[in-house]
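All values derive from a computational prediction rather than experimental measurement.
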Amino acid sequence: MFELWGILVIFIVCPLLGGLPLIAWITYALKRKQLSEVGTGNISVSAAFYHGGTFVGILAVLSEAFKGIAAVFLSRAFFPEGSFWELIALIALVIGRYWIGRGAGTTNVVWGFVVHDPLVAIFVFFFAGMSFSILHSRQVVKFGVLLLFPLFVILLHLSDIPRMLAVIALAGLMGWIYTKIPDDMNLPAQEAQTESQAMLEFLRGDRAMVSLDEELDAAIVGEKAATLSQIKRWGYSVPKGWVLAPIDDPELLTEFLQPSELSPLVVRSSAIGEDSEHASAAGQYQTVLNVTSPQALQEAIAQVQASYNHPSAVQYRRDRGLNETAMAVLIQQQVQSVFSGVAFSRDPITQQGDAIIIEALPGSPTQVVSGKVTPEQYRAFVFETENSSSVQLEGEGRVPQAIIKQVAYLAFRLEKRYNGTPQDIEWSYDGQTLWVLQSRPITTLLPIWTRKIAAEVIPGVIHPLTWSINRPLTCGVWGEIFTLVLSDAFSARRYANGNGEAERALGLDFTQTATLHYSRAYFNASLLGEIFIRMGLPPESLEFLTRGTKLSKPSWKTTWENFPGLGRLLKRELNLEKDFKRDYHKRFIPGLSQLAQEETNNLEPPKLLARIDSILELVHQATYYSILAPLSAAARQAIFRVKDGQIDRSVTPEIAALRALAAIAADAKQILSKFEPQHVFEQLNQTPQGKKILNEFDELLQDYGYLSEVGTDISVPTWRENPQLIKQMFVQLIQENEPKAGIKDANNSILFRTRKRGFVQRRVDIKGRVTEVYSRLLAELRWSFVALEKIWIESGLLNKTDDIFFLNFDEVRRLVAGGDSSLIEQLAELVEFRRSQFLQDSEITQVPFVVYGNTPPHPLAPSALYSDQILQGIGASHGQTEGRVKVLRNLQEIPEIDRDTILVVPYTDSGWAPLLLRAGGLIAEAGGRLSHGAIVAREYGIPAIMDVRGATWLLQDGQRVRIDGSRGIVELSNDLRPE
């Protein structure tokens, strides 16, 4: 019983002791500094030395040594001296030190081990001291000790199995913590407290020679050197090189390298922050070529280091708001160039298209980048399929085309390696090898904005009011989800108040998740890629979950590092059904019922604004489910490998509405043996049976009147306001000679009794319910704004219908509050300007799917052809068919559609679904296997291809095409019949 109490004491007291922030208290008391808010944010001994000075550091060592020794003696109060429970106590102490105290616990373990096993401690201290004296590498010594002290314990205590297991667990825990927590020792020594700088420079172990063969940290050696080391480890040819960190003494390196006339070196800058995504610093720092002696090498190093403080370089950093850091120096073997130049994996001038721009000349690459010589320019296009690749060149010159093609393919592959980030590459060819001298992001082409995802979330041309509401909702909810995963447990608790501090702590700005270009929504692919990499997921994960594209293997290292966060996200996914049902019954249903009972026409502007605010509170929660539910359904479908045809989507509102409409049309057809399409409703009104059918039609409009052409755009009229589309589809269904072959009865859900399908089906059903709630709330939001607009038109504040949608929400709020005379004075001009811009952007028939940079030029014509006769997309609904193209860019005019019609549309939201009832096939510029159009197409057995870039521009009405919904291929024909 006594030992049981000992176990409880160890597992309760030791973690609390480890978490006791003695270092933080000492530093704040003596230096008035909060260690959690400076440097790495760690509360560690090295942080105390760095930010507090030598005296504070010594006190920190003593306080943490006390903890380690106390843990061992606490164990001895209950267990024999030298037992494995002393190691368990140290493990508990380290856990508390990390999870509560924000430190690694190294000092605790060192002094605790001195008391626990002095002999092993002596051996380890001897090894560490000798190794550091010889290698002067802190990393090698640190991880070497983690291997050796368990080994010594095992050799000295072979019969004590529990002790051996405990010491291995302790070493493993320490090693894991070292990979998770940054070290203040890696911060620039010159920024530390003055009295600590010499000691820190010594302990950093920076005198060891660092080469490009190693994995380098850009925060220490700069982006240029770190990038070249990464490219070299990927297997590309990079000249052999060494790196001198900012505080390194160059003497050791100059003695080792011994440059000569036969083996010249080049000395280059690698400033911290240079060649980054935020600033290239091109031409700001010195490069010295043809270094042929040790003395010249020392002079070149000094020259490059001094260039960091050159007035033009200092001004460059100031102009861009960059921090003052330090200059590392990169020394490489100089390539004897036959041909050289630069390559841009994307055109930095047009900022569009897939052209690779290459500038080249015979001789050294410095000629090209100097700007003193006009290089030869080439444009290259790389075409790559699963089985082959080819390069098409434009331009001729003295440089052999074979070399230019190699450079083009190099640029293409490096951009892919950097997850689509456009690269500026300096290269050289020495007659045998194509060398990479430098690769950096093209900063003017960042961030990368993609429409592939946004075109489904909020398609079409977007009004200012819609965007001012949707953007903060979408960005905010995505930010909450990403913060949940990326923040550790400590930060998750600390930032649970949702004040945005978590985002700042992560160095991410989730408000930049989306933007408008050409009045269309784009998602920030650069930001999303960075987020997914941090999460340990492939950067294309979002497209996999929303569009069904291929997914590369995730990094196990980063996945393991984010395992707690991913666990929290998994918990949310597992609780999704329970959470949604709770909110559905307690929040959404009562809220929607109250909104339905309230007559908006009788409300004054302040009351309408209060109604809008209450709706937005519900919409925020619904947005969370509208994001998580589709991702959950898609992930489960992929994991359990359930085919689309095995899923019942009858809960989805548009599917349910179409089925109900088809049933009513079938009844109407029974009583209308002869009818005129233009007078169907008048004819039905002439008989009792017909009036019953009209009542059913009105009930359908009442039930599904909240749906619209674009479900997420409140500026688009709902079916209730504009029932003409549904009436036309109703007539066309009556005209249908036979029912659609692919129509499935909702009762087919009985087929899904297997457990795996049930896991997926439940999520699909929740997704359908979420879509219904979300669409109803947005409809109520629209009707509230329309009621407000009506009041303002009557009062003369606005001039015509839809004017309110050219204001943003903040402006609406200010107008309701009153007193903003300047806004009222310029209101008519402001609305007219935005309307004009909106109409201009609406006339852009083909917007690019990917935009590079924040100020893209006017769109160029797309080039999506793989050959003259084939367009490639994503196969979304199986089957093959041939027919005539009908390009439909909006739903303003509904054309006659029959089985020979291949609909070509920019996107497919819920409002487009009725058109597919009569079409023979579907081609969409945006979307994937999980988009609305793809789901409806599979529901009705229609071949469909999504993500066909430029389809509405490249294809013409009447053109004959053959589509293969399995392979995602559109075969073109020259047979063009004018419409």
Side-chain angles (χ1 to χ4, degrees), residues 1-27 29 42-45 48 57-126 128 145-146 148-178 181 489-490:
M1 188 66 182
F2 183 70
E3 290 185 347
L4 180 60
W5 279 109
I7 295 172
L8 289 174
V9 169
I10 286 173
F11 283 111
I12 294 173
V13 174
C14 286
L16 295 176
L17 181 63
L20 200 63
L22 295 180
I23 295 177
W25 293 343
I26 292 168
T27 307
N42 294 339
I43 303 172
S44 62
V45 170
I58 291 171
L59 291 179
V61 170
L62 294 175
S63 67
E64 294 307 305
F66 162 76
K67 290 182 184 180
I69 294 170
V72 173
F73 279 115
L74 181 65
S75 173
R76 290 181 181 178
F78 298 94
F79 300 98
E81 181 178 338
S83 73
F84 74 92
W85 283 107
E86 294 178 8
L87 296 175
I88 299 297
L90 288 176
I91 291 173
L93 184 76
V94 169
I95 290 172
R97 184 78 181 85
Y98 174 70
W99 288 104
I100 304 173
R102 307 298 295 154
T106 304
T107 307
N108 307 131
V109 173
V110 168
W111 289 97
F113 224 88
V114 168
V115 177
H116 168 70
D117 196 331
L119 185 59
V120 170
I122 291 171
F123 281 136
V124 171
F125 281 146
F126 177 76
V145 166
L146 291 182
L148 278 178
F149 88 82
L151 180 61
F152 286 146
V153 170
I154 291 170
L155 292 175
L156 294 174
H157 306 281
L158 284 172
S159 60
D160 194 343
I161 301 297
R163 182 187 290 202
M164 288 191 289
L165 294 176
V167 77
I168 291 171
L170 178 59
L173 175 64
M174 296 291 293
W176 178 77
I177 290 175
Y178 286 156
I181 199 166
F490 172 79

A.B. asks: Please identify each residue that fulfils side-chain contact (heavy atoms from CB on, under 4.5 Å) with Leu151, with sequence neighbours left out.
C.D. replies: Leu148, Leu155

A.B. asks: Using residues 109-124 as the side-chain source, report each donor-acceptor pair under 3.5 Å to any protein atom, sequence neighbours left out, with the distance given to one decimal.
C.D. replies:
{"unit_1": "His116", "atom_1": "ND1", "unit_2": "Glu86", "atom_2": "OE1", "d": "2.5"}
{"unit_1": "Asp117", "atom_1": "OD1", "unit_2": "Val120", "atom_2": "N", "d": "3.4"}
{"unit_1": "Asp117", "atom_1": "OD2", "unit_2": "His157", "atom_2": "NE2", "d": "3.0"}

A.B. asks: Rounded to the nearest 0.5 Å, what separates atom CG in Leu170 from atom CZ in Phe149?
C.D. replies: 4.5 Å

A.B. asks: Can you find a pair of side-chain heavy atoms, one from Pro15 and one from Ile95, that are under 4.5 Å apart?
C.D. replies: no

A.B. asks: Identify the heavy atoms of Ala48 and Thr27 that sit nearest to each other, and give their distance.
C.D. replies: CB-OG1, 4.3 Å

A.B. asks: If you take all heavy atoms of Ala71 and Ala89, which pair is closest and at what distance?
C.D. replies: O-CB, 3.6 Å

A.B. asks: Looking at residues at least two apart in the chain, or sitting in another chain, which of them share a ring pair (Phe, Tyr, Trp, His ring centres under 6.0 Å) with Tyr178?
C.D. replies: Phe143

A.B. asks: Which heavy atom of Phe84 sits nearest a heavy atom of Ala166, and at what distance?
C.D. replies: O-CB, 4.3 Å

A.B. asks: Please tell me if the side chains of Leu93 and Leu17 come closer than 4.5 Å, counting only heavy atoms from C-beta onward.
C.D. replies: yes

A.B. asks: Can you list every pair that meets side chain to side chain donor-acceptor pair (under 3.5 Å) and has a residue in residues 8-25, with sequence neighbours left out?
C.D. replies: none

A.B. asks: In Å, rounded to the nearest 0.5 Å, how long is the span from CD1 of Ile26 to CD1 of Ile43?
C.D. replies: 12.0 Å

A.B. asks: How long is the gap from CG on Leu146 to OG1 on Thr106, to the nearest 0.5 Å?
C.D. replies: 8.0 Å

A.B. asks: Within a strict 4.5 Å, meaning less than it, do heavy atoms of the Ile88 and Ser75 side chains meet?
C.D. replies: no

A.B. asks: Walk me through whether Ile168 and Ile154 qualify under side chain to side chain contact (heavy atoms under 4.5 Å, CB included).
C.D. replies: CA-CA 9 Å; Ile168 291 171; Ile154 291 170; 4.1 Å; yes

A.B. asks: Leu16: what forms a side-chain contact (heavy atoms from CB on, under 4.5 Å) with it, not counting sequence neighbours?
C.D. replies: Ile12

A.B. asks: Go through the structure and list residues passing side-chain hydrogen bond (donor to acceptor under 3.5 Å, both in side chains) with Ser63, not counting sequence neighbours.
C.D. replies: none

A.B. asks: Under the side-chain contact (heavy atoms from CB on, under 4.5 Å) rule, collect the residues that match up with Leu8, sequence neighbours excluded.
C.D. replies: Trp5

A.B. asks: Where does the angle between the aromatic ring planes of Phe79 and Trp85 fall among parallel (under 30°), tilted (30 to 60°) and perpendicular (over 60°)?
C.D. replies: parallel

A.B. asks: Please, which pairs that meet salt bridge (Lys or Arg N to Asp or Glu O under 4.0 Å) have at least one residue in residues 60-69, sequence neighbours excluded?
C.D. replies: Glu64-Lys67, Glu64-Arg97

A.B. asks: For Leu74 and Val9, run side chain to side chain contact (heavy atoms under 4.5 Å, CB included): C-alpha distance rounded to whole Å, both residues' side-chain angles, the deciding distance at 0.1 Å, then the answer.
C.D. replies: CA-CA 8 Å; Leu74 181 65; Val9 169; 3.9 Å; yes

A.B. asks: Identify the two heavy atoms, one from Val61 and one from Thr107, that lie closest to each other, and give their separation to 0.1 Å.
C.D. replies: O-CG2, 3.8 Å

A.B. asks: Which heavy atom of Leu90 sits nearest a heavy atom of Asn108, and at what distance?
C.D. replies: CD2-O, 4.1 Å

